[in-house]
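Beneath this line is the structure, given in structure tokens, with notes to follow.
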Amino acid sequence: MTAVAENPTTSASGSRGELPPAPEGSIAVTVKLHRFNPEVDSEPRWESFDIHALPTDRVLNLLHTIKWYVDGTLTFRRSCAHGVCGSDAMRINGVNRLACKVLVKDLLASKGKHTTITIEPIKGLPVNKDLLVNMDPFLDAFKAVKPFLITYGNEPTQERIQSAADRERFDDTTKCILCACCTTSCPVFWTEGTYFGPAAIVNAHRFIFDSRDEGAEERLDILNDVDGVWRCRTTFNCTDACPRGIQVTKAIQEVKRALLFRR
Amino acid sequence: MAIALDAPRSTRRKPSRRSNFELQAWLFMRISGLALIVLVLGHLFIMNILDGGVHRINFAFVAGRWSSPFWQFWDLSMLWLAQLHGGNGLRTVINDYARKDATRFWLKMVLYVSMVLIISLGTFVIFTFNPNISN
């Protein structure tokens, strides 16, 4: 369910009532959240919550605990909560991750020290509220590379056949779930929002190297532009950030190579 | 309901070939970088390490070197490659980090003017150098 607080400006309690007792084996952690409510705040602010978490909890569970039992005004996206839909991308302890795929036990401080987990919205996109960002610039870049099958001539009477080897050529880039972890980890995108960004290039790569597609030239021309692949500085932030393990920088380099060696 | 007929009729559209400038600039950075490793390290070795190093450099030493077309060409290519390589590097830095279009434009103008000035002045000196000027 997507819970929405009835009174977003004053509510200080959770949307599901009081905090339940700490479960057995749980540890006290501090969740430090980067918050912004455009109706109240003029500037973003930090807010810390002391809650109990199991080592097997995901970061998303901590956000649920806060939203459901402590502060119902906390706003974030999440949908499937199992790392498939890609809606809960956020900056966790300074790196872009899906909140539903990071376990608390991997964030615990070394023995005896208190654990603080810092959560911020993904960087480089306008923040609407708390951890919820406006994805429009990201999705506009995605649309600009024509991420759909382009063919010319007559439709075949059967399905378009492809060999296993041809399918393998672009297999890595088919895994993208458009969570924006890569694009919002890119320093070039942070300072220059007109750069297409890794995710758009990954999705262009998915069609450029598809043997059934005939629009590669168009897409390569789009990516040959000032805001295209030549903006990439190969910092590998995108590859580190991708929750699906896509070799993003490699895909960008393959597009560069395709541009360099096309007829 | 309209039936889409344009797909079979449309010929393969020739994509609008845009400028290849960014590609060429990227390629130039790689090639000039490799050339500069040889040119600059060679230059530093001759000037600072080889017999006596920096202490033997005077007007006569420079005049002697520039009497040979080989060293003239060496210094000329080093000047041009270093200026264009560094200038293009700064251009990308300005493109990446300037926040306002006006800032970007004026920073690039300053960069381009300084590049043209230094390249033309250096080229002028290398080609018109007169070893008898000190007399």
Original post:
Are there more than 12 heavy atoms of other residues, nucleotides or ligands under 6.0 Å from atom CZ of A:Arg45?
Top reply: yes

Subject >> Distance (rounded to the nearest 0.5 Å) between A:Ile150 CD1 and A:Phe207 CZ >> reply: 8.5 Å

Original post:
For chain A, which residues of residues 100-114 of chain B have at least one non-hydrogen atom nearer than 4.5 Å to it?
Top reply: B:Arg104

Original post:
With sequence neighbours excluded, what pairs up with A:Asp106 under the salt bridge (charged side-chain N to carboxylate O under 4.0 Å, His left out) test?
Top reply: none

Subject >> Within 6.0 angstrom of B:Arg30 CZ, more than 12 heavy atoms from elsewhere >> reply: yes

Original post:
Measuring heavy-atom distances to chain A, does B:Ala25 have an atom under 4.5 Å in its side chain, in its backbone, in both, or in neither?
Top reply: neither

Original post:
Taking every heavy-atom pair that is under 4.5 Å apart, which of A:Val226, A:Thr194, A:Leu259 has the most such pairs with chain B?
Top reply: A:Val226

Original post:
Who in residues 232-246 of chain A is close to chain B, using a strict under-4.5 Å heavy-atom cut-off?
Top reply: A:Arg233

Original post:
Between A:Arg91 and A:Thr184, is a side-chain hydrogen bond (donor to acceptor under 3.5 Å, both in side chains) present by the stated rule, with each step listed?
Top reply: CA-CA 9 Å; A:Arg91 237 165 116 80; A:Thr184 57; over 6 Å; no

**OP:** Measure up the A:Trp46 and A:His34 rings against each other and bin them: parallel (under 30°), tilted (30 to 60°), perpendicular (over 60°).
**Re:** perpendicular

Original post:
Is it the case that A:Arg78 places NZ or CZ above or below the six-membered ring of A:Phe76, under 6.0 angstrom from the centre and within 45 degrees of the axis?
Top reply: no

Subject >> Over 12 non-hydrogen atoms of neighbours within 6.0 angstrom of NZ in A:Lys250 >> reply: no

Subject >> side chain to side chain donor-acceptor pair (under 3.5 Å) pairs, two or more places apart, involving residues 200-210 of chain A >> reply: A:Gln162-A:Asp210, A:Thr173-A:His205, A:His205-A:Glu254, A:Arg206-A:Asp210, A:Asp210-A:Arg212

Original post:
Can A:Asn224 and A:Trp230 be counted as having a side-chain donor-acceptor contact under 3.5 angstrom?
Top reply: yes

